[in-house]
Number of protein chains: 2
Amino acid sequence: MPRSPSTPKLPAPASAPRRADAARNRDKILAVARRAFAESDGDVSMAEVSRRAGVGMATLYRNFPGRRELLEALYTEEVDAVCAPAPAAEDEGAGAAFVAWLRRFVAFSTNKRQIAAELLTHVDSANPVFNENRDRVLAAGRPLLAAAQASGEVRADLSLEQILDMVIAIVRISADAEYVAPILEIALEGLRG
Amino acid sequence: MPRSPSTPKLPAPASAPRRADAARNRDKILAVARRAFAESDGDVSMAEVSRRAGVGMATLYRNFPGRRELLEALYTEEVDAVCAPAPAAEDEGAGAAFVAWLRRFVAFSTNKRQIAAELLTHVDSANPVFNENRDRVLAAGRPLLAAAQASGEVRADLSLEQILDMVIAIVRISADAEYVAPILEIALEGLRG
């Protein structure tokens, strides 16, 4: 029997509630995947993400055609958190605002490491996802550093790249957080000149 | 014909001038080898060391039965330099003395890296040469840090291990010395609290 023209072959345009559902699914998948990657040292299958998020494989693959796309989205979300405007703190000077941003960068460096390592099994380090996101981080930090240096609260003799390399070097020290945290404080203290 | 008892089978005890010669040869070999390893990124043969030091292979092997022994001696010499008593500086406080020692440690960390990497091709990192020398470095630095902390010139909330890990992390940043040097200064500044 011929298909009735009233049976559309293409999906109907998503209605607002369906778009909201889709966004919720995407968010749920990302939240579950982030936790799963952190807990399992990266060895997480798409089937496991689908199961833990409570969405079917079809929904998962509609959102993220593969593991690589899922990892890219996780990585980009981490970068978004560093680039988001800082919560306004009325009484904090430019130096404190810059240091607060550096602390968000530290959290980012720690969270993204596993994700970046996994992502590198799918793309190489020359992939634009890394350079573009690096540029976004630098663009977010640069005005904060400029203000802190202009107010004399942060030493003027270091570039943002140097400061971030210092922070990265310290957070990569292989030891537990309790051992590394005071080392980072010393370095941040040094920035105040 | 039976050997006459007057022909000694063991070498005669070395006379004082011969001992001095031997020490000079050993020093010359070490100096040449250190330079050769630094220049060549580690790819130096025993024959090359013998040629550049102007000593025969027999003399070289009498001093260092193999590449591994030569590397161990170079490594230990670097550690000796860190552990040597600091040159007395009358007007310098305990904080400055500790920081001066850290700067010697930085030079050591930089010089020894190539040697340690080569040495690891002969022995594994559990070899006592590493642990013993690590202990010697810590023993040399500990009283200097204690004095600097007691005088209030260096923050009291970090251990020597943490401070050295901070310094090592920074000097390992892959960039040229001009880029890394100010980062190290910031960190040393932070120590002053």
Side-chain angles (χ1 to χ4, degrees), chain A residues 95-96 98-103 105-106 109-110 113 116 120 125-126 130-131 134 137-138 141 144-146 148-149 152-193, chain B residues 95-96 98-103 105-106 109-110 113 116 120 125-126 130-131 134 137-138 141 144-146 148-149 152-193:
Chain A
F98 177 64
V99 169
W101 180 79
L102 279 181
R103 290 187 196 283
F105 176 78
V106 168
S109 299
T110 312
R113 210 178 324 165
L120 282 168
S125 62
F130 293 111
N131 271 332
R134 181 183 156 85
V137 168
L138 291 172
L144 296 170
L145 174 60
Q149 287 177 329
E153 290 170 77
V154 163
R155 290 166 62 124
D157 58 352
L158 283 192
S159 67
L160 183 58
E161 286 83 351
Q162 284 170 307
I163 294 171
L164 296 183
D165 278 336
M166 173 178 79
V167 166
I168 291 167
I170 291 172
V171 300
R172 281 189 186 156
I173 292 174
S174 340
D176 58 31
E178 209 172 294
Y179 181 92
V180 175
I183 303 178
L184 183 65
E185 293 311 310
I186 295 295
L188 297 180
E189 187 66 40
L191 282 179
R192 300 308 196 98
Chain B
F98 176 66
V99 169
W101 180 79
L102 280 181
R103 290 187 196 285
F105 176 79
V106 168
S109 301
T110 312
R113 210 177 326 165
L120 281 169
S125 61
F130 294 112
N131 272 332
R134 181 184 155 83
V137 169
L138 291 172
L144 296 170
L145 174 60
Q149 287 177 329
E153 290 171 75
V154 163
R155 289 167 63 125
D157 57 352
L158 282 193
S159 67
L160 183 58
E161 286 84 350
Q162 284 171 307
I163 294 171
L164 296 183
D165 278 337
M166 173 178 79
V167 167
I168 291 167
I170 291 172
V171 300
R172 280 189 186 156
I173 292 173
S174 341
D176 56 31
E178 209 172 294
Y179 181 92
V180 175
I183 302 177
L184 183 65
E185 293 310 310
I186 295 295
L188 296 180
E189 186 65 42
L191 283 179
R192 301 307 196 100

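Order of the sequence lines sets the chain letters (A, B, ...), proteins ahead of strands, with each chain counted from 1. Keep in mind that what you see is a predicted model, and the values were worked out from it rather than measured.
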Approximate separation, where rounding is to 0.5 Å, of B:I183 CD1 and A:L164 CG: 9.5 Å
Evaluate B:R155 against A:E189 for salt bridge (charged side-chain N to carboxylate O under 4.0 Å, His left out), listing each step before the verdict. CA-CA 11 Å; B:R155 289 167 63 125; A:E189 187 66 40; 3.8 Å; yes
Taking side chain as C-beta onward, heavy atoms only, is A:I186 less than 4.5 Å from B:I163? no
Which atom names give the shortest non-hydrogen contact between B:Q162 and A:E178, and what distance separates them? NE2-O, 4.4 Å
I need the minimum non-hydrogen distance between B:L158 and A:P182, along with the two atoms involved. CD2-CB, 3.5 Å
At a 4.5 Å cut-off on heavy atoms, which part of B:I173 comes close to chain A: side chain, backbone, both, or neither? side chain
